[in-house]
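Everything below concerns the one structure shown next.
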Amino acid sequence: MALKSREKILFLGVGIALAIWAFDWFYYTPQKGKILQHREGIRAADLRLKELLIYSQGMQTVEAEVSRLEKELQEYKERMLKGAEFRAFLKHLAQQSDRLQIKMISLKPQEEKTSLPEEKKSTSTFQYRRVTVQMVVLATYSALNTYLLGLEELPFLTVDHLEIEQREKMLPFLQVTLGLSVHMIS
């Protein structure tokens with residue numbers, strides 16, 4: 001049986017179509033899937049790289065802030081002898097209360113207990129204790145303002161709470177309840 005030229009061309013076309021289909025099915029489609037997987041991997045890596053870049057910038061900011069705070073703490077340490085913070089607070093209180101005519105009603109210092117594990121205490125570079133002081137004083141508004149501005153200058157002291165009451169029987173004076181924290185380097 002002899003094939004006609006049309007049949008030969010038809011078989012050649014079918015063979016070429018089968019070869020193209022086999023190439024597409026066995027090589028091109030799997031490679032296209034791998035290319036898509038690699039593109040997704042590249043996108044994920046780019047996102048991770050951007051995230052790490054943001055974290056590194058944040059770390060640089062934190063390192064700069066830590067170094068600034070360490071310098072500030074070193075300045076405080078140089079200005080104050082160890083353990084002299086509370087004495088400096090009492091000296092400031094005595095000077096200002098006498099000068100501003102502030103009447104002291106009560107003063108209750110209390111050292112806070114720190115419950116750090118023993119290994120944490122030895123690894124920390126700066127050990128400090130915190131002493132809370134509850135004060136009740138009688139003062140005029142201007143004297144209280146001047147006294148609080150003077151407290152701002154003390155680097156180791158923070159005002160935790162302030163309560164001001166005005167009573168009619170003590171009229172030029174205000175009854176002030178102050179809660180202070182004195183940080184003492186040990």
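- With hydrogens and angles ignored, the 3.5 Å screen pairs a side-chain donor or acceptor of E7 with a backbone N or O of K4.
- Within the model, atoms CG of D46 and NZ of K50 stand 6.5 Å from one another, a figure rounded to the nearest 0.5 Å.
- Expressed to the nearest 0.5 Å, how far CG of L138 lies from CD1 of I105 amounts to 3.5 Å.
- In this structure, OG in S5 is found 7.5 Å from NZ in K8, a value given to the nearest 0.5 Å.
- A pairwise comparison of heavy atoms in F173 and T140 identifies CD2-N, 3.9 Å as the closest pair.
- Environment of CZ in R68: crowded, with over 12 heavy atoms of neighbouring residues, nucleotides or ligands closer than 6.0 Å.
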Requested in this report: Could you give me the CA-CA distance, side-chain angles and deciding distance for L90 and L107, then say whether side chain to side chain contact (heavy atoms under 4.5 Å, CB included) is met?
Outcome: CA-CA 10 Å; L90 290 176; L107 176 72; 4.1 Å; yes
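- Contact annotation: the side chain of R99 approaches that of T146 to within less than 4.5 Å [non-hydrogen atoms, C-beta and beyond].
- Within the model, atoms OG of S67 and CD of E72 stand 11.0 Å from one another, a figure rounded to the nearest 0.5 Å.
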Report task. Evaluate the criterion side chain to side chain contact (heavy atoms under 4.5 Å, CB included) for residue pair L151 and L180; output intermediate values, then yes/no. Result -> CA-CA 10 Å; L151 283 180; L180 304 170; 4.1 Å; yes
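- Hydrophobic clustering (ILVMFWY, side-chain heavy atoms < 4.5 Å, transitive): I20 and Y28 are in distinct clusters.
- Considering CG of D160 and CD of Q134, their distance stands at 8.0 Å, rounded to 0.5 Å.
- Under the 4.5 Å side-chain heavy-atom criterion for grouping Ile, Leu, Val, Met, Phe, Trp and Tyr, V62 is not connected to I54 through any hydrophobic cluster.
- Within the 4.5 Å cutoff, no side-chain heavy atoms of E152 are placed close to those of L148.
- Scanning both residues, I102 and Q96, for their nearest heavy atoms gives CD1-O, 4.5 Å.
- No path of Ile, Leu, Val, Met, Phe, Trp and Tyr side chains, each step under 4.5 Å between heavy atoms, connects F11 with I9, placing them in separate hydrophobic clusters.
- Residues L162 and V176 meet the side-chain proximity criterion, which asks for heavy atoms closer than 4.5 Å.
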Requested in this report: Assess whether side chain to side chain contact (heavy atoms under 4.5 Å, CB included) is satisfied between L47 and L49, documenting all intermediate values.
Outcome: CA-CA 5 Å; L47 287 175; L49 184 61; over 6 Å; no
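- For M135 against V133, the heavy-atom pair with the smallest separation is CG-CG1, 3.7 Å.
- Atom NZ of K32 and atom CD of Q37 lie 13.5 Å apart (nearest 0.5 Å).
- When atom types are taken as modelled, the side chain of T29 and the backbone of D24 share a donor-acceptor pair closer than 3.5 angstrom.
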Query - Candidate pair F26 and Q31, rule side chain to side chain contact (heavy atoms under 4.5 Å, CB included), full reasoning - result: CA-CA 9 Å; F26 292 111; Q31 291 299 326; over 6 Å; no
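- Listed for the T132 side chain is a donor-acceptor partner under 3.5 Å among the backbone atoms of Q110.
- Side-chain contact check for L93 versus Y147: some heavy-atom pair is nearer than 4.5 Å.
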